[in-house]
Amino acid sequence: MKLLTDFLRTMPVTGLVIGLALFCASLTPSLLPRVPMVQGALAGVAFGVGYGIGNMVLSVWRFFELPLLAGTWRRRAAVSALGAGSVVAALTLSRMSEWQNSIRTLMEMPPVDSGYPFTVLGVALLTGLVLLLIARAVLRLGRAVSGWVNRILPRRISIGLGSILVAIFLGSLFDGLVLRRALAFMDRTFAEVDLIIDSGVKAPREFSDPDAVLRWADVGRNGKRFLTDGPNRAEIEAFTGRPALQPIRVYAGLNTAEDLNERAEAAVAELKRQGGFDRSVLVVASPTGTGWLDPGAVQPLPYLHDGDLAIVSMQYSYLPSWLTLMVDPSRSSQASRALFQAIFSHWRTLPKDQRPRLYLFGLSLGSLGSEASTDLVELLADPIHGAFWAGPPFASSGWPRLTRNRQVGSPEWQPLYRDGAMVRFMTQDGFTDVDFADWGPLRIVYLQHASDPMSFFSTSLAFTHPAWLGAERGRDISPYFRWFPVVTFLQVGFDIPMATSVSQGYGHNFIPAEYIDGWIAVMEPKNWTEADTARLKEIFADFSASPI
């Protein structure tokens with residue numbers, strides 16, 4: 001007990017007060033509901049960050065030898081500040097369940113249990129304590145290094161130089177010993193998962209052809225599911241009542257070739273062999289980081305075109321999208337660019353009245369890559385027909401530019417871009433109810449949810465109030481969500497790995513009905529009616545698929 005008391009006495013009040021303030025703010029809701037372990041870890045990290053900010057301010061204050069409270073006034077101020085902070089912390093803890101349930105209700109999730117606040121508090125205390133112990137160890141190391149430097153240099157210079165040396169040493173140690181090994185371990189783990197073959201999954205007959213360019217053994221787990229799932233010719237005919245073709249699906253796995261361009265050329269060669277360029281519609285689909293193509297997005301497509309289409313895709317990673325964004329966000333762009341260029345180069349040589357309509361598709365990190373696979377200048381002479389991008393991540397290039405240049409007064413989570421003749425944005429509730437201009441020759445649709453942290457995370461959240469959190473907000477955003485400096489950045493950052501843990505139709509989970517509406521807007525399929533749309537949505541009403 002004495003050890004704990006001595007430990008608390010050595011904690012600067014400034015750090016404790018700011019730490020408590022950030023702790024309380026972190027308990028308020030953000031984009032997604034959080035399980036108690038994650039909320040507790042977030043609260044502990046927020047306290048640690050606030051404590052560090054408070055100590056940094058105090059250190060700078062002392063460094064410039066500015067006056068400080070002393071004696072009785074100092075004790076009174078400390079007691080008052082800590083007392084007020086403790087009361088506010090107790091109040092926020094008591095309301096935390098209500099705040100979390102405000103999001104859960106909107107996302108059709110069950111409420112938290114009665115033990116939620118206690119678990120959060122316990123995890124937060126443990127997390128905060130660990131961070132404080134680490135911080136103290138770093139400070140002691142910094143003081144020791146500064147002391148050594150002080151033997152030959154003035155005190156103030158030695159403090160700054162010592163801090164820099166410690167930061168460089170710890171950064172190099174973390175990057176080389178911890179981060180790289182952790183990423184290498186995850187890389188090996190997900191590589192093994194990618195090679196898992198589900199029981200009952202048999203290679204399509206196309207792979208038994210001796211002239212086949214791609215090998216079944218080179219296709220990862222998600223690629224195999226894409227190639228074997230989805231409607232066949234008979235199922236399409238049963239739905240439409242019209243003659244149909246067997247849809248063509250081509251997927252180049254990560255092990256097809258080491259070089260991206262070679263992998264893309266192999267995919268195009270197989271597409272040619274199967275007659276993909278002879279179909280009416282050709283879709284170039286960029287997968288997520290794990291190589292996953294959302295079945296809810298690709299399986300409805302053959303129904304729209306009586307099976308007269310081909311879908312081609314190429315794997316570039318086996319890590320989850322959020323992890324791939326941290327490790328190498330350029331992987332998706334480079335792979336998508338290689339595949340599109342290989343396809344586009346052949347497609348543009350075909351007679352315009354005989355080649356398929358060409359579309360791009362991407363979800364999540366696949367959206368980022370697909371978006372970067374071509375540019376407007378390249379398409380001016382010979383444009384493709386459209387693109388459908390779902391859940392564009394915050395690292396995208398085109399999506400944020402279009403959003404920034406939206407019509408004045410339209411919300412950032414569902415912007416209006418010019419007259420809508422080329423680009424339109426939709427949410428789970430469809431398109432904005434406005435009179436768009438008629439579509440032009442190139443149609444682009446973005447599907448996004450206001451509650452998706454993969455789209456709306458930004459480093460600027462630490463210091464700037466986001467436009468998407470204004471008076472007009474998406475229906476899946478808690479009315480209690482408020483912006484706090486630093487804290488909102490941490491909250492949304494913690495939301496990212498949990499983006500697919502919520503109900504379908506919220507966060508980073510998209511449902512077939514949304515995809516169907518988006519595809520119809522982009523493609524305007526022939527001989528298709530609103531009754532067909534309703535029947536197709538009914539087929540996929542109970543469909544559920546999470547990225548793996």
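The figures that follow rest on heavy atoms only: side chains count, while hydrogens, waters and symmetry mates do not.
A donor atom on one side chain and an acceptor atom on the other are found under 3.5 Å apart for Tyr359 and Arg357. Under the 3.5 Å distance criterion, with hydrogens and angles disregarded, a donor-acceptor pair is assigned to the side chains of Ser370 and Trp389. Looking at Ser102 and Ser478, their side chains do bring a donor and an acceptor atom within 3.5 Å of each other. Side-chain contact of His508 with Ser364: a donor-acceptor pair under 3.5 Å is present, judged by distance alone. Side-chain contact annotation: Thr533 with Trp528, donor-acceptor N/O pair under 3.5 Å present.
A cation-pi arrangement, defined by a distance under 6.0 Å to the six-membered ring centre and an angle within 45 degrees of its axis, is present between Arg424 and Phe436. Both tests pass for Arg95 against the ring of Tyr480: distance under 6.0 Å to the centre and angle within 45° of the axis.
For the pairing with Pro525, the side chain to side chain contact (heavy atoms under 4.5 Å, CB included) check across Leu304, Leu309, Leu301 returns one residue only, Leu304. With Gln428 as reference, Asp476 is the one residue of Ile511, Asn509, Asp476 to meet the side chain to side chain contact (heavy atoms under 4.5 Å, CB included) rule.
For Glu538 and Arg535, the salt-bridge test fails: no basic side-chain N is under 4.0 Å from an acidic carboxylate O. Ion pairing between a basic and an acidic side chain is recognised when a charged N comes within 4.0 Å of a carboxylate O; Asp382 and Arg355 show such pairing. Salt-bridge annotation for Asp495 and Arg34: present, with a side-chain N of the basic residue lying under 4.0 Å from a carboxylate O of the acidic one. Note on Glu524 versus Arg443: salt bridge recorded, some NZ/NE/NH1/NH2 to OD/OE distance being below 4.0 Å.
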